Engineer: 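Quick one: structure below, then a few questions.
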Amino acid sequence: MSKEQSGAVLAIDFGTSNSAVGVFAQGKVRLIELELGKQTLPTALFFDFEDKTVAFGSQAEQALFEGAWGRYMRALKSLLGTPLIRESGMFLGKRMSYLQIVARFLSEIKTRAECETGMLFTKALSGRPVRFHADEARDMQALADLREAYHLAGFAEVRFMNEPEAAARAQARILQAGDLGLVIDIGGGTSDFTLFRTKADGSINTLRSEGLRLGGTNFDRLLSFDHVMPLMGRGSQIRHAFGDQTHQAPNAIFADLATWQKIPFLYTPDTRRAAKDLLKYASAPEKLTRLVRVLDDERGHDLAFAVEAAKIALNSKPLAQVDMRLGALEKGLSAPLYALALEHSLQPSAVQIAETALACTTGAGVQAQSVTHLILVGGSSLMQVVQTAVSDAFPDAEVHHGAALTGIIEGLAEASGEWQP
Ligand SMILES: Nc1ncnc2c1ncn2[C@@H]1O[C@H](COP(=O)(O)OP(=O)(O)OP(=O)(O)O)[C@@H](O)[C@H]1O
Ligand SMILES: [Mg+2]
């Protein structure tokens, strides 16, 4: 192995929903296909209990949709910095923690990138959200967890760069010298902001970055909690074992079932028993029967996908409603999601995103009117409710839609060229 090969740096955008990798080679950025013909890979795994194999990305989704016997996981990045990342389970005859599962995913993309390029990667330049968590200690723990996962995956050295700073770097060419740009990256798990000024040589001066733990998976959670979970008994009455009194079904189980990263933790005997107890005393047994079925059949992710698909369809087309396909609850069942209901559920989040964008500018001592360009990246920046909120907050800025899903990896790959061996 040549010296050059042994020191290669892999740029990695490890996202909540999608990941991407790239390198800086022969003076230019090269994005590496992790799946045939695609520049991004869904951050998902499927442990197939029958074949005793692990599938990644789209293949993991395929296995879930086909109803293969196994365990699907997505949005594991959101577990970093929480106690759940240290929990473990038996997967394919081996006890694994969720941190080791994150490492398994990272090691798979390392191997795929090595096969694709013929290089050997010992260093990772990874993106990181500006804030994994609002709480300082949790935020630091999340970064330590991610670093540990990279080491377990076989990277000897890891460096991190704020995700929106990487995007600012890659997208700066849109701006003229002296312009003031604000990157707004709304992903699956977090919203990230970088305010920067373009210099005469085309490089940038980063003025400030801000982050918020809120993204597309939160949108899915809010929509599912408001519009799907009631069909499974959320908010319905449960009779007391003795007497005529009733109480409302507790929200916790429904909140977790609506949250991508928490779904696998619900498939336990304890949770299934709790759901059956609710059903036993339910005033609306037809609804609680659905809850019991979803937990028994492990179809929680089918609901998350149904909600996400409805969200994207409503956002992409001028429709008043779309049907969410909820066959996982009951054969042939579908339920409408209305455009107005979506807006109502997501409006407070959009306001929070716009307020954090404004805090990024005021924190740098800059007035909102001085921002000349907004650069929107990340899949959830395509949400109209978000676009309206941020363009209202910066009415004088030109809005650019950067490469929604590759803006960050392009910047990381470019920056990896400066990591000298
Ligand atoms: N056309 C669309 N309209 C609305 N939302 C979309 C669209 N396409 C994708 N999304 C949402 O974008 C999110 C994924 O975006 P992205 O790939 O940028 O996130 P990520 O980089 O994986 O997450 P993060 O950076 O927060 O860790 C998902 O929640 C998805 O539902
Ligand atoms: Mg991202």
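Computed from a prediction, not measured in an experiment: that's the story for all the values here. Numbers here are sequence positions counted from 1. Atoms within a ligand are numbered from 1 in the order they appear, just like the ligands themselves.
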Engineer: Find out whether the Lys NZ or Arg CZ of Arg147 is both under 6.0 angstrom from the six-membered ring centre of Phe160 and within 45° of the ring's axis.
Structural biologist: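 Output no; distance or angle outside limits.
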
Engineer: Taking the six-membered ring for Trp, are Tyr72 and His301 parallel (under 30°), tilted (30 to 60°) or perpendicular (over 60°)?
Structural biologist: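 Ring orientation, 0 to 90° scale: perpendicular.
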
Engineer: Gln387: which residues meet the side chain to side chain donor-acceptor pair (under 3.5 Å) condition with it, sequence neighbours left out?
Structural biologist: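 Side chain to side chain donor-acceptor pair (under 3.5 Å) check on Gln387 returns nothing, list empty.
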
Engineer: Partners of Arg112 by salt bridge (Lys or Arg N to Asp or Glu O under 4.0 Å), sequence neighbours excluded?
Structural biologist: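 For Arg112 the salt bridge (Lys or Arg N to Asp or Glu O under 4.0 Å) partners, ignoring immediate neighbours, are Glu108.
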
Engineer: Of all residues at least two apart in sequence or in a different chain, which pass the salt bridge (Lys or Arg N to Asp or Glu O under 4.0 Å) check with Arg208?
Structural biologist: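 Result, salt bridge (Lys or Arg N to Asp or Glu O under 4.0 Å) vs Arg208: Glu210.
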
Engineer: Who's touching ligand 1 if we go heavy atoms under 4.0 Å?
Structural biologist: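 Answer by chain and number: Gly15, Thr16, Ser17, Asn18, Lys77, Glu163, Gly187, Gly188, Gly189, Thr190, Gly216, Thr217, Glu308, Lys311, Ile312, Asn315, Gly378, Gly379, Ser380, Leu382, Met383, Leu405.
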
Engineer: Can you tell me which residue among Thr217, Asn218, Asp220 is in a side chain to side chain donor-acceptor pair (under 3.5 Å) with Trp260?
Structural biologist: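 Between Trp260 and the candidates, side chain to side chain donor-acceptor pair (under 3.5 Å) is satisfied uniquely by Asp220.
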
